[in-house]
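Notes for the one structure printed next.
Just so you know, these numbers use all the heavy atoms, side chains as well, and skip hydrogens, waters and symmetry mates.
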Amino acid sequence: MTRIWFRSFVVIGMVAVCAGASGCRGCTSGESQREWAQSALKAADVSMDATTVEANNAFGFDLLQRVREDSTGNVIFSPVSLSIALTMTAAGAQGGTRDQMLEVLHLGPDLAKVQAEYRALLARWVLSEKPYLLEVANRLWVDQGFSLLPSYLSLVENNFGAEPKTLNITGNPEEARRAINAWTSEQTHGRIEDLIPAGNLNADSQLVLTNAIYFFGEWARKFDPDRTRNEDFYLDAANQVNVPFMHETNRYRYAETDAFQLLEMSYKGGDLSMVILLPRARDGIAALERDLTSMSIEQLLAQASMKKVIVTLPKFRIEKAFGLEEVLRKMGMGLAFSGAADFSGMTGGRDLMIGFVRHKAFIDVNEDRTEAAAATAVSMMPAAAPPRPEPPIVFRADHSFLFLIRDRTSGAILFLGRLANPRGVKEKFPGH
């Protein structure tokens, strides 16, 4: 199994980030990963111009806009996990299917360049030595009776470190589901359980593409647990709950607008941070989400400067699961989920479509650290799913029957008859 360990990651917002106690829990940065990274950087031969990162962020905010329409409660997801899984899927798409996927993902039409940028980006994360841990793993789960083009397998392994694993998906989908979920749990240190719910994987599934992401590190400026105390958290302008709040006064990067405040808090190592966007109005979150874009955040971060800030932040823990088929259709990726999908780059034929996209994420914030994990599964199924087997119909023509020959285009019946005697007794016209 190729498992890629990434030790540096910059993310805007509070998704797919984990920072925690010092040391690498379960971290074994093997020479094989470094060899892959060194080879990947050399083979990528591309100058990173941040277009892939910008695309990932833009996709994340687009998705947030869609998710907020269906959810007024807690939300946590990983744009990186989703972008990687869907980009691996798009790598096998052709024609309009690929065009739609790349547009939704904010990626340019040059997919080879996108893959090279991912390859370089992931490799640089591997080679970066930092006091926090980020692990990203990709894998293809292939039904034992299904075959992928060698060119596609080579593409995803070289650019994403994703190796294929054969499972008996069609013969025993529940056992295959448990195997995929066990792998996901292992990659996320047990934080993402049951990524694919029972009954989601069925005998029609031919291929599942997965990504898992996990990070563990520490705050650069920890909160004093002795200062943590219960206070009111306002659910809206009229309702509140009493929860533990952390307190710290220190210098942080800060910016503000008339509508909200921006606070950036670093983790150990300095190049990973959590950015918090706080509406000034207690009921201002809907307006903030509506108006926010990745570009506006980047512009405000560029204006941020070090200020002395009294920080009051609740301890929190969120787990969230998504089925994103309908959301991605609405975002413009409809062809990929239809019988007209073209994933011939995977198999050589137009025989696959996306069956489901499952995403699950977790985050836990306390005085010492932030821990978070996320995973994505994309299931591929036949573009025209075969019907479920039914008992055979008995058609025993052992007695007289009618027959006809017809012109299907016009519907005209050309010949009509009855078979009463297969021995072909010659009949005479009356009077002969």
Side-chain angles (χ1 to χ4, degrees), residues 51-52 54-56 58-60 62-63 65-66 77 79-119 138-143 146-160 162 164 169-170 196 200-202 204-211 322-359 376-386:
T51 54
T52 300
E54 290 171 0
N56 170 77
F59 168 70
D62 282 355
L63 186 59
Q65 294 288 345
R66 294 289 180 172
F77 66 91
V80 166
S81 178
L82 282 160
S83 292
I84 290 176
L86 289 170
T87 301
M88 286 196 300
T89 308
Q94 301 290 337
T97 303
R98 180 176 67 175
D99 293 343
Q100 284 188 356
M101 295 188 74
L102 295 183
E103 183 176 358
V104 171
L105 292 168
H106 288 265
L107 297 171
D110 188 349
L111 192 52
K113 181 176 184 293
V114 170
Q115 293 157 2
E117 287 194 348
Y118 262 120
R119 184 180 176 95
N138 300 308
R139 172 157 283 188
L140 305 182
W141 307 86
V142 188
D143 182 65
F146 188 70
S147 61
L148 293 168
L149 292 174
S151 57
Y152 178 72
L153 290 172
S154 176
L155 185 155
V156 293
E157 185 167 1
N158 290 338
N159 292 296
F160 300 95
I169 302 177
T170 57
I196 304 176
N200 275 226
L201 202 64
N202 57 46
D204 292 335
S205 300
Q206 306 280 295
L207 167 69
V208 180
L209 302 92
T210 53
N211 167 273
F322 300 91
L324 294 173
E325 302 85 18
E326 189 59 30
V327 170
L328 291 170
R329 285 191 189 98
K330 290 179 179 178
M331 291 175 70
M333 205 182 286
L335 270 177
F337 295 89
S338 74
D342 184 355
F343 286 100
S344 55
M346 290 184 178
T347 64
R350 298 183 61 165
D351 51 354
L352 288 180
M353 59 184 276
I354 296 178
F356 65 71
V357 178
R358 294 289 178 267
H359 184 73
T376 304
V378 180
S379 169
M380 308 299 293
M381 60 186 293

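The shortest side-chain heavy-atom distance between P164 and L148 does not fall under the 4.5 Å cut-off. At a threshold of 4.5 Å between non-hydrogen side-chain atoms, the residues S338 and M353 do not count as touching. Inter-residue side-chain proximity for N159 and Y118 is flagged as unmet; no heavy-atom pair is nearer than 4.5 Å. Considering only heavy atoms from C-beta on, F146 comes within 4.5 Å of L352 through its side chain. In this structure, Q206 and M381 have side chains that are not in contact, with every pair of non-hydrogen atoms separated by 4.5 Å or more. A 4.5 Å side-chain heavy-atom check between M380 and V208 finds every atom pair outside the cut-off. Two residues are said to be in side-chain contact when any heavy atoms from C-beta on lie closer than 4.5 Å; T170 and N202 fail this criterion. Contact of the D351 side chain with the F343 side chain is not registered, since no non-hydrogen atoms from C-beta on lie closer than 4.5 Å.
The two residues T97 and A340 make their nearest non-hydrogen contact at OG1-O, 4.2 Å. Summarising the geometry of L324 relative to H359, their closest heavy-atom pair is CD1-CB, 4.1 Å, with the distance given to 0.1 Å. Closest of all the heavy-atom pairs between V104 and G332 is CG2-C, 3.6 Å. Listed here is the closest heavy atom pair of S344 and Q94: OG-CG, 3.1 Å. Taking all atoms of both residues into account, the shortest heavy-atom contact from Q100 to G334 is OE1-N, 3.2 Å. The minimum heavy-atom distance between D143 and I169, with the atom names listed, is OD1-N, 2.9 Å.
A distance of 6.0 Å separates CE in M88 from CG in L140, rounded to the nearest 0.5 Å. With rounding to the nearest 0.5 angstrom, the CD1 atom of I196 is 7.0 Å from the OG atom of S379. The CZ atom of F337 sits 4.5 Å away from the CG atom of L328 when rounded to the nearest 0.5 Å.
Checking T347, V142, V378 one by one against L207, the side chain to side chain contact (heavy atoms under 4.5 Å, CB included) holds for a single residue, V142.
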Checklist entry - Does the pair M331 and F59 meet the rule for a side chain to side chain contact (heavy atoms under 4.5 Å, CB included), with working shown? => result CA-CA 10 Å; M331 291 175 70; F59 168 70; 3.9 Å; yes
Next on the checklist: Under the criterion side chain to side chain contact (heavy atoms under 4.5 Å, CB included), I'd like the reasoning laid out for V114 against L102: C-alpha separation, chi angles, the key distance, then a yes or no.
Outcome noted: CA-CA 10 Å; V114 170; L102 295 183; 5.5 Å; no
Item to check | Pair Q115-L111, side chain to side chain contact (heavy atoms under 4.5 Å, CB included): steps then yes or no | outcome: CA-CA 6 Å; Q115 293 157 2; L111 192 52; 3.3 Å; yes
Checklist entry - Which is it for W141 and S205 under the side chain to side chain contact (heavy atoms under 4.5 Å, CB included) test, yes or no, and what are the steps along the way? => result CA-CA 10 Å; W141 307 86; S205 300; over 6 Å; no
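With no hydrogens or angles considered, no side-chain donor-acceptor pair links T376 and N211 at under 3.5 Å. For the 3.5 Å distance criterion, the side chains of H106 and D62 qualify, holding a donor opposite an acceptor.
Heavy atoms of other residues, nucleotides or ligands lying less than 6.0 angstrom from CD of E103 number 12 at most.
At least one donor-acceptor pair under 3.5 Å links the side chain of R66 to the backbone N or O of K330. Formation of a donor-acceptor pair under 3.5 Å by the N56 side chain with backbone atoms of V80 is found in this model.
F77 and F322 have perpendicular rings, their planes meeting at more than 60° on a 0 to 90° scale where under 30° would count as parallel.
Of the charged side-chain nitrogens involved, none lies within less than 4.0 Å of a carboxylate oxygen, so that R329 and E325 do not count as a salt-bridged pair.
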